[in-house]
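As structure tokens, the structure follows; a few thoughts come after it.
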Number of protein chains: 2
Amino acid sequence: MRYRRSDVVERAVTVLDQHGLADLSMRRIASELGLQPSALYHHFASKQVLLAAVADEILDRGARTPHDQLAWDAAVVAICHELRDAMLAYRDGAELVATVHAFGLGTRSPVGPLVAALGRGGFALDFAHAAATTLVHFVFGHVSDEQTHLQADSVGALGDTEIRPGAGSFDLGLSLILDGVRQQQPGQVQDVLSGRPSS
Amino acid sequence: MRYRRSDVVERAVTVLDQHGLADLSMRRIASELGLQPSALYHHFASKQVLLAAVADEILDRGARTPHDQLAWDAAVVAICHELRDAMLAYRDGAELVATVHAFGLGTRSPVGPLVAALGRGGFALDFAHAAATTLVHFVFGHVSDEQTHLQADSVGALGDTEIRPGAGSFDLGLSLILDGVRQQQPGQVQDVLSGRPSS
DNA sequence: ACCTGAACACCGTTCAAGT
DNA sequence: ACCTGAACACCGTTCAAGT
């Protein structure tokens, strides 16, 4: 059989979702396609490049409408939720996307959209960048934890007392950071109890 | 030669610092000690367990005095800085510690001390736990980024326009989260401009 | 353009056996 | 208690050659 680059990515996504990141090897993908491992190097320069394409595909599939119409803070919440949902949709999605992001590969970084949203909030670029990466680190870390616990549960080892991370603690952490960001909003004093401007 | 478990950990830390996490293999550690790879399995049940011991060792070496005397927010800042410094002290330290933490291995989790500090701030346990993990995700993510950029720079590929993460953006992100936490302080209204209680 | 076949230089882990 | 030696079942990557 003769495949296109996108066919390989598609199959890699399936292997990832069904067998996890540890089993996502070049040899495994090749054998599932009925190819020799070396054939993959016609489509991708290295495994890292293939993984970056897989991460981009996962984020693409979770992409929704643009966030330009929303208020800056609603846009930030929407982007973070979209990112979380996209990564949760595939086994080890968060670990894969975070790894690709850490290596500076992949073209779908959520930092750009977040900086844009924060820019509409009137924040300086330096501050917007620091806030955006803080948010991204939180989302990656939290969703990785969620998926690790999902995995542990599905294997059967459920500790009763343990605090499980989920949508609740995600929103809590997210609003924590957002509250911190709002406090730096230039030229404004905040109403602490509602989180909305009071002047 | 005949080694103790701690000798193996010590050598592993050296290999990590000199050659990086990618080259920290069981075979590499064994050969540096003049042992067969199988000999390591007398001391550690698996590579994961060895890595957990290495992470613990790195955090142990960075351990300072306890933070019980400090105000809760000063303690949080101290714990996060200590964690950052400990991981920055060894090549790929952040990636290793974060990986071990994600797998639930290692005995030196910074979440405990952070929850304790936040408890002294009067926060509910659930909230304290969410805040602590948010802080830990931020620290792991930020320091991983710092070390990735350090590595890229030392290789020689320095992009000029790029925003480099460092101590400045670390403190910025940290105070961002801390500001958000302060806003949830029970039974208090905050002075937004100073970050200190006003009532 | 896309793939095969064979090779190279590695992995983590197990296990019987040695001292 | 600590280690050897050999094996098993894998890796990512390269490269000449095929269609």
Side-chain angles (χ1 to χ4, degrees), chain A residues 1-57 91-92 95-96 99-100 102-106 151 155, chain B residues 1-57 91-92 95-96 99-100 102-106 151 155:
Chain A
M1 264 298 153
R2 227 141 225 257
Y3 296 103
R4 310 201 266 8
R5 194 185 146 97
S6 59
D7 297 323
V8 179
V9 172
E10 211 171 309
R11 194 61 154 238
V13 171
T14 305
V15 173
L16 172 72
D17 198 43
Q18 292 181 345
H19 306 279
L21 187 56
D23 286 3
L24 187 63
S25 67
M26 297 299 270
R27 299 182 104 104
R28 179 67 182 263
I29 298 164
S31 87
E32 297 237 343
L33 290 168
L35 295 177
Q36 297 292 322
S38 52
L40 299 183
Y41 289 86
H42 181 77
H43 300 283
F44 305 93
S46 69
K47 185 183 181 182
Q48 289 227 51
V49 171
L50 195 163
L51 290 184
V54 172
D56 281 346
E57 175 69 18
R91 177 149 42 147
D92 294 339
E95 201 187 333
L96 172 63
T99 301
V100 168
F103 277 70
L105 301 167
Q151 196 65 12
V155 164
Chain B
M1 264 295 153
R2 226 141 227 257
Y3 296 103
R4 310 202 265 9
R5 191 185 149 96
S6 58
D7 297 323
V8 179
V9 172
E10 211 170 310
R11 195 60 155 240
V13 171
T14 305
V15 172
L16 173 72
D17 198 43
Q18 292 181 345
H19 305 279
L21 187 55
D23 286 3
L24 188 63
S25 68
M26 298 297 272
R27 299 182 105 103
R28 179 68 182 262
I29 298 164
S31 87
E32 296 238 343
L33 290 167
L35 295 177
Q36 297 293 321
S38 52
L40 299 183
Y41 289 86
H42 182 79
H43 300 282
F44 305 92
S46 67
K47 185 184 180 180
Q48 290 226 52
V49 171
L50 195 163
L51 291 184
V54 172
D56 281 346
E57 174 69 19
R91 201 210 307 193
D92 294 340
E95 202 186 331
L96 172 64
T99 300
V100 167
F103 276 71
L105 301 167
Q151 196 65 12
V155 164

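Every heavy atom of this structure was used, including side-chain atoms; hydrogens, water molecules and symmetry mates were not. Please read these numbers as outputs of a predicted model, since none were measured by experiment. Quick note on labels: first sequence line is chain A, next is B, and so on, each numbered from 1.
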Of Leu21(B), Asp17(B), Val15(B), the one forming a side-chain contact (heavy atoms from CB on, under 4.5 Å) with Arg91(B) is Asp17(B)
Any chance you could measure Asp23(A), atom CG, to Gln18(A), atom CD, to the nearest 0.5 Å?
-> 11.5 Å
What is the distance from atom CD of Gln151(B) to atom CZ of Phe103(A), rounded to the nearest 0.5 Å?
-> 9.5 Å
For Ser25(B) and for Arg27(A), find the nucleotide of DNA chain C with the closest heavy atom, then tell me which residue's nucleotide is more 5'.
-> Arg27(A)
Looking at residues at least two apart in the chain, or sitting in another chain, which of them share a side-chain contact (heavy atoms from CB on, under 4.5 Å) with Ser6(B)?
-> Arg4(B)
Contact list (N/O, under 3.5 angstrom) for nucleotides 16-19 of chain C vs protein:
none

Show me the donor-acceptor pairs, under 3.5 Å and distance only, between side chains in residues 31-41 of chain A and residues at least two apart or in other chains.
from: Ser31(A); atom 1: OG; to: Arg28(A); atom 2: O; distance (Å): 3.2
from: Glu32(A); atom 1: OE2; to: Arg28(A); atom 2: NE; distance (Å): 3.2

How long is the line joining CE of Met1(B) and C1' of dC2(D), in whole Å?
-> 13 Å
When the P atoms of dA17(D) and dC2(C) are considered, how many whole Å apart are they?
-> 22 Å
Please list residues of residues 9-20 of chain B whose heavy atoms come under 4.0 Å from any atom in DNA chain C, ordered by number; otherwise none.
-> none
Identified stems (criterion: three or more consecutive Watson-Crick or G-U pairs, under 3.5 Å), DNA chain C | C:4-8 with D:12-16, C:12-16 with D:4-8
Nearest 0.5 Å, what's the CZ-OH distance between Arg11(A) and Tyr3(A)?
-> 6.0 Å
Which atom pair, heavy atoms only, marks the closest approach of Gly20(A) to Asp92(A)?
-> CA-OD2, 3.3 Å
Sequence neighbours excluded, which residues qualify as side-chain contact (heavy atoms from CB on, under 4.5 Å) partners of Ser46(B)?
-> Gln48(B), Val49(B)
Of residues 32-57 of chain A, the positions that come close to DNA chain C - non-hydrogen atoms, cut-off under 4.0 Å = Gly34(A), Leu35(A), Gln36(A), Ser38(A), Ala39(A), His42(A), His43(A)
Salt bridge (Lys or Arg N to Asp or Glu O under 4.0 Å): which pairs involve residues 39-57 of chain A, sequence neighbours left out?
-> Glu57(A)-Arg61(A)
Pick the P atom in dA9(D) and in dA9(C), then give their distance to the nearest Å.
-> 23 Å
Contact summary for Gly106(B) and Ala52(B), nearest pair of heavy atoms = N-CB, 3.8 Å
Can you see which heavy atom on Leu96(B) is nearest to which on Ala55(B), and at what distance?
-> CD2-N, 4.2 Å
Results of side-chain contact (heavy atoms from CB on, under 4.5 Å) for Ala12(B) - residues two or more places apart only = Leu24(B), Ile29(B), Leu50(B), Val54(B)
For Ala53(A), all residues meeting side-chain contact (heavy atoms from CB on, under 4.5 Å), sequence neighbours excluded | Arg5(A), Val9(A), Phe44(A)
dC3(C) C1' sits how many Å from Asp7(A) CG, rounded?
-> 14 Å
Length of the CZ-C1' vector between Arg28(B) and dC10(C), whole Å = 12 Å
Given atom CD1 of Ile29(A) and atom P of dC10(D), what is their separation to the nearest angstrom?
-> 16 Å
